[in-house]
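Here the structure is laid out as structure tokens; the discussion comes afterwards.
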Amino acid sequence: MATYLVTGANRGIGLEFCRQLTERGETAIAVCRQTSEALDSLGIQVERGIDITSDQSVGDLAARLKDTPIDVLINNAGIWRKNTLPQLNFDTIREQFEVNALGALRVTQALLPHLGAGAKIAIMTSRMGSIEDNTSGNAYGYRMSKVALSMAGKSLSIDLKPRQIAVAILHPGMVSTDMTDQSGIPPQEAVQGLLARIDQLNLENSGTFWHAKGEVLPW
């Protein structure tokens, strides 16, 4: 039994991670700004009131965990704000960088003392952050922030290899959540694939950009 910490755990993919991990006998620690009835019903440890864009808030999370070891850190929290070229909103573009890219890096840095040799980090990025795969344009803030997140994940895989910590950079697919207006595959299916990728993660394949189904994606 391993201990997993999941950010953005109150709904969608994060909630499903916690549900499936609990069902298979793992220990899940859920991190969120506000909890939900569905999350509370799992009966797991919930660390609420955490804003991953705040150094102080993330530092508080690390303090709350005390000396709890984390075997797998799942940086799942993320947001989507619509930005087309005729309707650019630079405030929401910055917001997406703060949450999607900087937030994950901030959480990872703060929780590194809890990650020992053999630990794993999963970065929930997106195929929309692939430069080569971009054939439809638009979504400026989301795409740009996910490129930055994927780059952070790649650098982490290099910097943490001497500490024997492996990093997976993962695309869940188009998943039916509030973020996608319920369009896409069920969260259950996506998380099954994501957990399979995390399970197969090791130091040899650390830094790989995977689709949840196992396909290696272009940068």
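Computed over heavy atoms, backbone and side chain alike; hydrogens, waters and symmetry mates excluded.
In terms of the salt bridge (charged side-chain N to carboxylate O under 4.0 Å, His left out) criterion, Asp159 has no residue partners (sequence neighbours excluded). Residues that satisfy the salt bridge (charged side-chain N to carboxylate O under 4.0 Å, His left out) test with Arg64, not counting sequence neighbours, are Glu47, Asp60. Remark: Asp91 pairs with Asn89, Arg94 by the side chain to side chain contact (heavy atoms under 4.5 Å, CB included) rule, at least two apart or across chains. Taking the salt bridge (charged side-chain N to carboxylate O under 4.0 Å, His left out) definition, one finds that Glu189 meets it with nothing, sequence neighbours left out. Qualifying salt bridge (charged side-chain N to carboxylate O under 4.0 Å, His left out) partners for Arg197, counting only residues two or more places apart in sequence or in other chains: none.
A 4.5 Å side-chain heavy-atom check between Ile44 and Ile29 finds every atom pair outside the cut-off. In this structure, the side chains of Ile198 and Phe17 come closer than 4.5 Å at one or more pairs of heavy atoms.
Cluster partners of Met144 are Leu85, Leu88, Phe90, Ile93, Phe97, Tyr140, counting Ile, Leu, Val, Met, Phe, Trp and Tyr whose side-chain heavy atoms approach within less than 4.5 Å, directly or via other members.
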Tell me which donor-acceptor pairs under 3.5 Å the side chains of residues 211-219 have, and how far apart each pair is, sequence neighbours excluded?
unit_1 : atom_1 : unit_2 : atom_2 : d
His211 : ND1    : Lys213 : N      : 3.0

Could you list the donor-acceptor pairs under 3.5 angstrom formed between side-chain atoms of residues 160-174 and any protein atom two or more places apart in sequence or on another chain?
unit_1 : atom_1 : unit_2 : atom_2 : d
His171 : ND1    : Arg127 : N      : 2.9
His171 : NE2    : Gly173 : N      : 3.3

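In plain terms, the two heavy atoms of Cys32 and Asn10 that are nearest each other are CB-CB, 4.0 Å. When all heavy atoms are compared, the tightest approach of Ile79 to Asn100 is N-OD1, 2.8 Å.
Judged as a ring pair (Phe, Tyr, Trp, His ring centres under 6.0 Å), not a single pair has a partner in residues 20-42 (not counting sequence neighbours). The salt bridge (Lys or Arg N to Asp or Glu O under 4.0 Å) analysis of residues 73-86, with sequence neighbours excluded, yields the pairs Arg81-Glu95. Identified under the salt bridge (Lys or Arg N to Asp or Glu O under 4.0 Å) test for residues 142-154, with sequence neighbours left out: none. Pairs engaging residues 21-31 under the side chain to side chain donor-acceptor pair (under 3.5 Å) rule: Tyr4-Arg24, Arg24-Glu26, Arg24-Asp199 [sequence neighbours left out].
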